[in-house]
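If you read the sequence from its start, that first residue is 1, and numbering goes on from there. Computed from a prediction, not measured in an experiment: that's the story for all the values here.
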Amino acid sequence: MIESSTKAESPGVLKAGNPGKSLAYWQGRTTEIEQIQQWLTDNNTFLIGIEGIGGTGKSTLATKIYDEIAGFPKRFWADVSNGASFSDLARQVLTQFGFPVPEKEVQLVEALVRCLRSGQFLLIIDNLESLLQPDRQWGSLFYGDFFQTWVESGSNSKVLVTTRERPELKGFEWLLLKGLQVDEGVALLTELGIKGDLGEFVELVDGHPLLLRLVADLLKEEYSQDPDLSRLADLGLGNLQQLLTDSQVVGIHRRENVGMVLVLDASFNRLSELQKALLLNISVYRGAVDSAAAVAMLPENAEPEIEGELRNLVKRSLLVEKLNGKRRFEFQSVVLEYVRYKAGNQTQAHQRAIDYYRSIAKQPPWTTKDDVKEYLEIFDHFYQLKDYNSAFDNIWVCDDFLSLRGYYNDKVELYGQLVSKWEGIGERKNWKYNASLTSLGNAYFSLGEYQRAIEFHQQSLEISREIGERNGEAVSLGNLGNAYNSLGQYQQAIKFHQQSLEIKREIGERNGEGISLGNLGSSYRSLGQYQQAIEFHQQSLEIFRETGNRNGEGSSLNCLGNAYCSLGQYQQAIEFHQQSLEIFRETGDRSGEGDSLHNFGSAYYCLGQYQQAIEFYHQSLEICGEIGDRRGEGNSLHNLGGAYHVLGQYQQAIEFYHQSLEICREIGNRSGEGNSLIGLGNVYSSLRQYQQAIEFHQQSLKITREIGDRNGEGNSLISLGNAYGSLKQYQQAIEFHQESLEIKREIADRNGEGKSLIGLGNTYNLLGHHQQGINFYQQSLEIFREVGDRYGEGLSLMNLGNIYQRCGRIQEGFTALYQAQQIFQELGIPFEAMLYPQWLKSVINFAQRGRLQFILCVIFGLIAFPFAFIWLILLLLWRLMRSQFKT
């Protein structure tokens with residue numbers, strides 16, 4: 001557990017986290033502190049480790065450093081004794097230090113390193129051994145990645161760890177902590193009020209601090225009037241010296257372990273039955289517990305009595321009291337191991353813990369992960385009981401919430417544990433095992449780790465086929481199709497969706513058939529085959545209407561709207577989105593309502609009605625925030641960035657793109673992260689900050705290549721080509737556009753192929769190679785006409801008209817520009833959104849002010865332009881201004 005209090009105990013010093021270690025009776029350690037101080041001021045030391053066996057005072061020494069060391073204005077204490085994930089640690093550090101918090105662990109490594117490099121911080125990680133496997137390798141690779149990255153790029157900040165075992169990692173400066181010096185141990189026992197031959201006893205136990213405290217507290221509790229070491233015999237410890245000096249007891253660790261067990265046995269045996277039962281039962285909890293949790297273990301006792309006994313156990317050093325807003329108690333790690341061993345079978349205690357957490361579990365709606373913490377604790381107790389089916393049931397309850405909130409890493413960890421156990425015991429026929437594989441695949445899909453998603457969906461597919469579960473087979477095939485679609489491998493995706501469809505039809509699962517048809521429609525839309533996509537979505541719509549699946553009907557209408565939008569038939573798209581919106585509002589599906597509003601925005605964006613689009617995007621954003629749909633929030637923010645970009649409000653656009661980027665990084669949406677980076681790059685291109693734009697596009701390109709997203713890779717390359725073209729680095733621009741063209745052709749993305757061809761045409765046009773530019777524009781025109789993309793067709797014609805004019809082919813230029821204008825007017829795109837040259841827009845805007853301005857423009861055109869070009873201007877002006885003559 002990571003304690004999350006924040007306190008400023010001295011001017012200018014922020015202390016976050018709670019060591020929970022008392023420095024009362026502190027003695028010695030002068031040499032050790034001097035060594036650590038030297039490392040803390042060494043510019044070449046970034047990682048410091050305090051190693052020692054349990055109870056030697058590693059955490060207490062670290063607390064002394066944390067509380068009293070100078071030179072670190074911000075400090076954070078993280079106790080990872082219960083195996084806290086790197087995500088939890090990094091999120092809390094970043095939050096306390098005021099830095100943006102991504103969620104995905106691979107991004108948290110970079111974020112945490114960047115945070116620590118920005119100032120002079122002290123990060124202490126206590127009980128690091130809890131994160132290590134028996135072979136001293138990391139239970140989570142991200143800790144190793146963090147430490148390695150930090151060693152390679154450290155700064156004035158320092159990371160200090162305490163551990164019983166060293167990890168297999170270079171770069172640490174290690175302090176091997178042993179017991180107190182004899183004089184220090186004597187001083188400690190004296191301060192605790194112990195009498196007798198103190199020096200001999202300290203030497204006997206090698207100055208082990210916890211052993212000294214346990215013995216002292218035991219003597220004081222049992223013989224408060226005369227706590228003398230000579231009374232150890234009366235406590236059953238008369239043979240302690242003999243055992244610790246026996247020649248068969250080899251090695252310092254072995255000696256201290258023997259002594260610790262003997263003293264703990266003596267302490268435990270002197271406890272009341274209630275105290276014994278209390279210790280044994282609360283040891284099943286993870287981390288610190290309050291008196292209410294303790295009472296749940298022994299319900300026949302009153303809470304005041306239980307709290308009193310807990311405090312008595314603190315006096316015996318068997319528990320540690322933590323005052324952090326609420327009184328809580330926890331074990332020293334050595335004592336916890338002893339008590340759990342002593343307890344043996346803890347089935348009943350685990351069940352009581354489960355009942356307690358069930359009694360206080362918060363019911364939906366949930367807002368934060370903290371709202372479902374009881375379910376996660378119940379999961380852990382069932383997991384410890386090896387009741388993996390019940391553990392699954394408890395995490396399944398909040399599965400949708402974890403997905404909506406973007407807690408994909410938590411799903412990976414939880415379902416991963418179950419899959420690992422079920423694999424070990426051969427539970428292949430258990431549907432919950434298969435469901436866990438599917439959930440793991442879906443979580444990795446949401447994280448943008450499509451190859452990992454494919455691995456788990458493939459396993460699920462194999463099991464479904466093995467046990468003859470046809471519906472599960474179809475679901476796995478559909479999930480595989482979605483993963484391959486996200487990778488830009490559309491033909492492979494179509495094969496999987498087609499197989500899924502065949503099974504659904506074979507078993508008569510009509511709703512599943514509708515889903516498969518919808519997935520096929522989405523894949524064909526990705527290919528630019530919009531008519532084919534529409535046919536599949538229409539079939540899907542018919543099935544959902546036949547089965548009365550209103551939500552499915554709404555989804556199909558949304559997909560149809562998107563397909564018609566891709567065809568440039570925006571009014572038709574808006575009608576479908578309106579129908580879907582009405583359905584989702586009728587059924588109360590807030591997520592679907594948000595999707596419909598978002599799609600409304602996209603349709604109005606394409607129409608050039610940007611303010612209207614912005615209104616819909618904001619409504620969608622509000623709903624996504626309300627239901628906790630982090631992915632939807634990111635998408636809405638991204639599109640708001642695009643709308644403000646085209647309106648020329650660049651700083652506003654940058655803010656929205658950055659917000660989208662933060663969310664995508666937070667939830668691990670790699671594909672969305674890449675799109676946000678492209679958006680940022682495009683805005684900086686508009687600001688003529690081309691190098692900055694290129695940096696964003698390069699980051700996007702790196703991400704799309706990492707996740708194998710060929711479509712996204714092609715889009716990043718197009719943007720890079722545009723940026724290099726603006727820098728007049730035409731050869732580099734051509735290479736990027738050519739590479740994007742190859743990718744778009746490889747994945748059969750016809751619409752994307754047309755965009756790559758336009759990019760090539762633009763570059764050759766700038767080079768003055770007009771014929772090559774014309775060839776590329778003509779190819780793009782053919783593609784857009786083939787797929788029915790009217791907007792793309794108009795764009796190609798506009799570019800053709802401009803290049804024809806530049807090379808003196810006036811009549812052809814006139815014809816192409818006229819056709820482009822006809823298309824844009826047909827689509828209902830306002831003049832401001834049309835891609836006419838800016839000078840021509842300025843002239844027409846001036847002419848629209850009144851008849852006098854119109855006449856002046858005509859006269860100007862007669863003087864300034866060649867005769868043939870005058871007719872083009874006059875025609876455009878006449879069409880746009882004819883209403884002026886009617887008034």
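- Nearest heavy-atom pair across Leu766 and Gly725 is CD1-O, 4.2 Å.
- The CG atom of Asn722 sits 7.5 Å away from atom OG of Ser685, with the distance rounded to the nearest 0.5 Å.
- Note on residues 148-157: pairs passing side chain to side chain donor-acceptor pair (under 3.5 Å), not counting sequence neighbours, are Gln148-Glu152.
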Item to check | Trace of the ring-ring contact (aromatic ring centres under 6.0 Å, His included) decision for Tyr764 with Phe776 | outcome: CA-CA 9 Å; Tyr764 279 105; Phe776 284 119; 5.5 Å; yes
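- Side-chain N/O atoms of Tyr415 and Thr438 include no donor and acceptor closer than 3.5 Å.
- One finds the CZ atom of Phe600 at 11.5 Å from the SG atom of Cys565 (value rounded to the nearest 0.5 Å).
- Considering only heavy atoms from C-beta on, Ile515 stays 4.5 Å or farther from Val475 through its side chain.
- Between Leu680 and Ser676 the shortest side-chain heavy-atom distance does not fall below 4.5 Å.
- Annotation: side chain of Ile395 is in contact with side chain of Leu402 (closest heavy-atom distance under 4.5 Å).
- Residue pairs meeting the salt bridge (Lys or Arg N to Asp or Glu O under 4.0 Å) criterion with at least one member in residues 671-694, sequence neighbours excluded: Arg665-Glu673, Arg670-Glu673.
- Annotation: side chain of Arg117 is in contact with side chain of Val113 (closest heavy-atom distance under 4.5 Å).
- Here Tyr650 pairs with His645 under the ring pair (Phe, Tyr, Trp, His ring centres under 6.0 Å) rule; sequence neighbours left out.
- The structure places CG of Asn682 at 11.5 Å from CG of Leu687, a figure rounded to the nearest 0.5 Å.
- Interatomic distance, OG of Ser596 versus CD1 of Ile623, reported as 9.0 Å (0.5 Å rounding).
- Shown here is Gln778, whose CD atom has more than 12 heavy atoms of other residues, nucleotides or ligands within 6.0 Å.
- The shortest heavy-atom contact between Lys74 and Phe97 is NZ-O, 3.5 Å.
- Screening residues 725-762 for ring pair (Phe, Tyr, Trp, His ring centres under 6.0 Å), with sequence neighbours left out, gives Tyr724-Phe736.
- Put simply, the side chain of Ser719 never gets that close to the backbone of Ile678: no donor and acceptor are under 3.5 Å apart.
- Residues passing the salt bridge (charged side-chain N to carboxylate O under 4.0 Å, His left out) test with Lys744, sequence neighbours excluded: Asp749.
- Remark: side-chain polar atoms of Ser716 are paired, donor with acceptor, to backbone N or O of Gly712 under 3.5 angstrom.
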Checklist entry - What do the steps show when you test Leu418 against Leu414 for side chain to side chain contact (heavy atoms under 4.5 Å, CB included), and what is the final call? => result CA-CA 7 Å; Leu418 294 176; Leu414 294 165; over 6 Å; no
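- Residues satisfying the salt bridge (charged side-chain N to carboxylate O under 4.0 Å, His left out) criterion with Arg745, sequence neighbours excluded, are Glu753.
- With hydrogens and angles disregarded, a donor-acceptor distance shorter than 3.5 Å links the side chain of Ser636 to the backbone of Gly632.
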Checklist entry - Which is it for Val159 and Phe146 under the side chain to side chain contact (heavy atoms under 4.5 Å, CB included) test, yes or no, and what are the steps along the way? => result CA-CA 11 Å; Val159 177; Phe146 165 68; 4.2 Å; yes
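- Within the 4.5 Å cutoff, no side-chain heavy atoms of Leu160 are placed close to those of Leu123.
- For the residue pair Phe172 and Ile48, the shortest heavy atom distance occurs at CD2-C, 3.9 Å.
- Shown here for Lys411 and Ser403, the closest heavy-atom pair between the two residues is NZ-OG, 2.6 Å.
- Taking the ring pair (Phe, Tyr, Trp, His ring centres under 6.0 Å) definition, one finds that Phe46 meets it with nothing, sequence neighbours left out.
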Item to check | Step-by-step side chain to side chain contact (heavy atoms under 4.5 Å, CB included) determination, Leu781 to Asn799 | outcome: CA-CA 10 Å; Leu781 179 62; Asn799 285 312; over 6 Å; no
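- Side-chain contact, Tyr777 with Asn762: a donor N or O sits under 3.5 Å from an acceptor N or O.
- Residues Arg452 and Tyr444 approach most closely at NH2-OH, 3.4 Å, considering heavy atoms.
- Among residues two or more places apart in sequence or in another chain, the salt bridge (charged side-chain N to carboxylate O under 4.0 Å, His left out) test is passed with Glu746 by Arg710.
- In this structure, Gln491 CD and Asn485 CG are separated by 11.0 Å, a value rounded to the nearest 0.5 Å.
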Item to check | From CA spacing to verdict: side chain to side chain contact (heavy atoms under 4.5 Å, CB included), Glu735, Gln731 | outcome: CA-CA 6 Å; Glu735 289 175 12; Gln731 192 55 47; 4.0 Å; yes
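- A ring pair (Phe, Tyr, Trp, His ring centres under 6.0 Å) check over residues 687-714, counting only residues at least two apart or in different chains, returns the pairs Tyr684-Phe696.
- Aromatic pair His638/Tyr657: centroids less than 6.0 angstrom apart.
- Partners of Lys755 according to the salt bridge (charged side-chain N to carboxylate O under 4.0 Å, His left out) rule, which considers only residues two or more places apart in sequence or in another chain, do not exist here.
- No side-chain heavy atom of Ser476 sits less than 4.5 Å from a side-chain heavy atom of Phe496.
- The structure places CZ of Arg91 at 6.5 Å from CG of Leu108, a figure rounded to the nearest 0.5 Å.
- Dense packing is recorded around NZ of Lys369, with more than 12 heavy atoms of other residues, nucleotides or ligands lying under 6.0 Å away.
- Closest of all the heavy-atom pairs between Ser522 and Cys559 is OG-SG, 4.4 Å.
- For Glu173, the side chain to side chain contact (heavy atoms under 4.5 Å, CB included) criterion is met by Trp39, Thr45, not counting sequence neighbours.
- Contact annotation: the side chain of Leu720 approaches that of Ile694 to within less than 4.5 Å [non-hydrogen atoms, C-beta and beyond].
- Residues Asn599 and Asn558 have side chains that bring a donor and an acceptor to within less than 3.5 angstrom of each other.
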Next on the checklist: side chain to side chain donor-acceptor pair (under 3.5 Å), that's the test. Do His598 and Asn635 meet it? Break it down for me.
Outcome noted: CA-CA 9 Å; His598 183 271; Asn635 290 337; 5.7 Å; no
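- Here the side chains of Leu112 and Phe99 are not in contact, with every heavy-atom distance at 4.5 Å or above.
- Among residues two or more places apart in sequence or in another chain, the side chain to side chain contact (heavy atoms under 4.5 Å, CB included) test is passed with Thr368 by Asp370, Asp371.
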